[in-house]
There are 2 protein chains.
Amino acid sequence: MPTPDRTSLAEIVDAGRAILEESGPAGLTMQAVAIRCGVRAPSLYKRIRDRDALLAAVAEAVVNDLADRLADTENSLSALAETYRAFAHENAEGFRLMFTASAPLDALDHAATPVLAASAAVVGDVDALHAARLFTAWATGFVHMELAGAFRLGGDVEQAFTYGLRKILDGLTP
Amino acid sequence: MPTPDRTSLAEIVDAGRAILEESGPAGLTMQAVAIRCGVRAPSLYKRIRDRDALLAAVAEAVVNDLADRLADTENSLSALAETYRAFAHENAEGFRLMFTASAPLDALDHAATPVLAASAAVVGDVDALHAARLFTAWATGFVHMELAGAFRLGGDVEQAFTYGLRKILDGLTP
DNA sequence: ACCTGAACACCGTTCAAGT
DNA sequence: ACCTGAACACCGTTCAAGT
């Protein structure tokens, strides 16, 4: 006899993402997710292979969210930089997860589209990919270090961000 | 009656680092470390508080190693970039660990010294910190993405690295 | 067909008892 | 003073038995 479903893959991934932000990766246990979905831990395995697959699904949800935000942003490198950084601050744990082991690579490619377009507008099509990688690497590294608390030698971090962006644009502008 | 020590903190940290590179963070169990040190897991707790403290100690060892390598490098941003990237490739798991939760922040500051000096040589003392942050963020993000397999849109990654370095130097050079 | 309790393997950690 | 086996708590995962 069929039973009405008491949860869904989407609910599980949402719960996982919320718990990740609240309690970090160590807090993201199958138990915690199950409780939040009103179900027992073994039931989760009907919907998702294992915890690694859940982490991958959460990472993909985060990347898709980021891609939407970037797609809605004015298509300039400075506007994209602001959006990217703001998103990372709002989703610190999810942001870290994005670049981890089983990263959602296809989704990342998709998120890169607006950056490629904005880069092409500055340096032309031939160098667009190189320029996009310069920009993305800088923004990713900056936020990563910022979230890790690695900027401790004094100085204004906001200013450092603006400075970096300006110098990159200076370097790229023909 | 005193017993001769059968291991040491240094041996434990070395074992942890080796296991981390071989088997990743999930493989770095107290059991695995203990076996490698010829001792049982509970004995480790005489030398180190818990697994988190071990991870922190491993991270610090990695950063100190990196600091030595950078200090031995010719003091130019391009030479430092090569050394930094090579180190990250040789110590992929350790590199990831460096920017994690309980990062060894003091050691990171120390590793930053040569980068600050090389930056000052290009932009002067006033902007040296901003410039060092631009450079470090870019290099860190680039290697991070590279290690995560995030560069998949084609194009030559070596070229992208050279391109990024050149454009940053272009942007920084007055 | 989904859900669950029970069970198992594995890991971190503590501790009393050895030497 | 360090080392160990035994024990405990906790987590991921499987599975037979329920509905």
Side-chain angles (χ1 to χ4, degrees), chain A residues 1-61 93-94 96-97 100-104, chain B residues 1-61 93-94 96-97 100-104:
Chain A
M1 266 295 132
T3 312
D5 292 12
R6 245 164 274 185
T7 185
S8 67
L9 181 57
E11 190 186 15
I12 290 169
V13 174
D14 283 354
R17 191 171 168 188
I19 293 167
L20 177 70
E21 289 302 333
E22 283 166 23
S23 318
L28 180 41
T29 68
M30 298 303 270
Q31 271 252 38
V33 172
I35 287 173
R36 199 168 186 120
C37 295
V39 101
R40 306 288 170 161
S43 300
L44 300 178
Y45 294 85
K46 284 283 160 186
R47 312 257 198 276
I48 195 127
R49 198 174 60 257
D50 55 20
R51 185 172 178 274
D52 269 355
L54 175 56
L55 286 173
V58 168
E60 189 170 5
E93 294 293 346
R96 273 190 265 264
L97 190 64
T100 290
S102 46
Chain B
M1 267 294 130
T3 312
D5 292 12
R6 246 164 273 187
T7 186
S8 67
L9 181 58
E11 191 185 16
I12 290 170
V13 174
D14 283 355
R17 191 171 168 189
I19 293 167
L20 176 69
E21 287 302 334
E22 284 167 21
S23 318
L28 180 41
T29 67
M30 299 302 271
Q31 270 254 36
V33 172
I35 288 174
R36 199 167 186 121
C37 295
V39 100
R40 306 288 172 162
S43 299
L44 300 178
Y45 294 84
K46 284 284 160 182
R47 311 262 198 283
I48 194 127
R49 197 174 61 256
D50 55 19
R51 185 173 178 273
D52 269 356
L54 175 56
L55 287 172
V58 169
E60 189 171 4
E93 295 292 347
R96 272 190 266 265
L97 189 64
T100 290
S102 45

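Every chain is numbered from 1, with letters handed out A, B, ... down the list of sequences. Excluded from the calculations below are hydrogen atoms, water molecules and symmetry mates; all remaining heavy atoms, backbone and side chain alike, are included.
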Roughly how far, to the nearest 0.5 Å, is OG of B:S23 from CD of B:E21? 10.0 Å
Applying side-chain contact (heavy atoms from CB on, under 4.5 Å), can you list everything that pairs with A:A34, at least two apart in sequence or on another chain? A:V39, A:A41, A:L44
List, one per line, each side-chain donor-acceptor pair under 3.5 Å for residues 51-60 of chain B, sequence neighbours excluded.
residue: B:R51; atom: NE; partner: B:L28; partner atom: O; Å: 3.0
residue: B:R51; atom: NH2; partner: B:P25; partner atom: O; Å: 3.0
residue: B:R51; atom: NH2; partner: B:L28; partner atom: O; Å: 3.2

Show each protein N/O and nucleotides 7-10 of chain C N/O combination with a separation under 3.5 Å, one pair to a line.
none

Taking salt bridge (charged side-chain N to carboxylate O under 4.0 Å, His left out) as the definition, give me every residue that meets it alongside B:R47, ordered by chain and number, with sequence neighbours left out. B:D5
For B:E93, check salt bridge (charged side-chain N to carboxylate O under 4.0 Å, His left out) against everything at least two apart and list the hits. B:R96
The side-chain contact (heavy atoms from CB on, under 4.5 Å) partners of A:A32 (sequence neighbours excluded) come to A:I19, A:T29
Smallest separation among heavy atoms of A:G16 and A:V33, with atom names: CA-CG2, 4.1 Å
Looking at DNA chain C, which of residues 42-56 of chain A put a heavy atom within less than 4.0 Å of it? A:P42, A:S43, A:R47
Is any side-chain nitrogen or oxygen of A:R6 closer than 4.0 Å to OP1 or OP2 of C:dC2? no
Those stems involving DNA chain C that have three or more consecutive Watson-Crick or G-U pairs, both distances under 3.5 Å, are C:4-8 with D:12-16, C:12-16 with D:4-8
Near DNA chain D, which residues from residues 14-35 of chain B have a heavy atom under 4.0 Å away? none
With sequence neighbours excluded, tell me which residues meet salt bridge (charged side-chain N to carboxylate O under 4.0 Å, His left out) with A:R36. A:E22
Pairs meeting criterion side-chain hydrogen bond (donor to acceptor under 3.5 Å, both in side chains) with involvement of residues 9-18 of chain A, two or more places apart: A:T7-A:E11, A:R17-A:D65, A:R17-A:N91
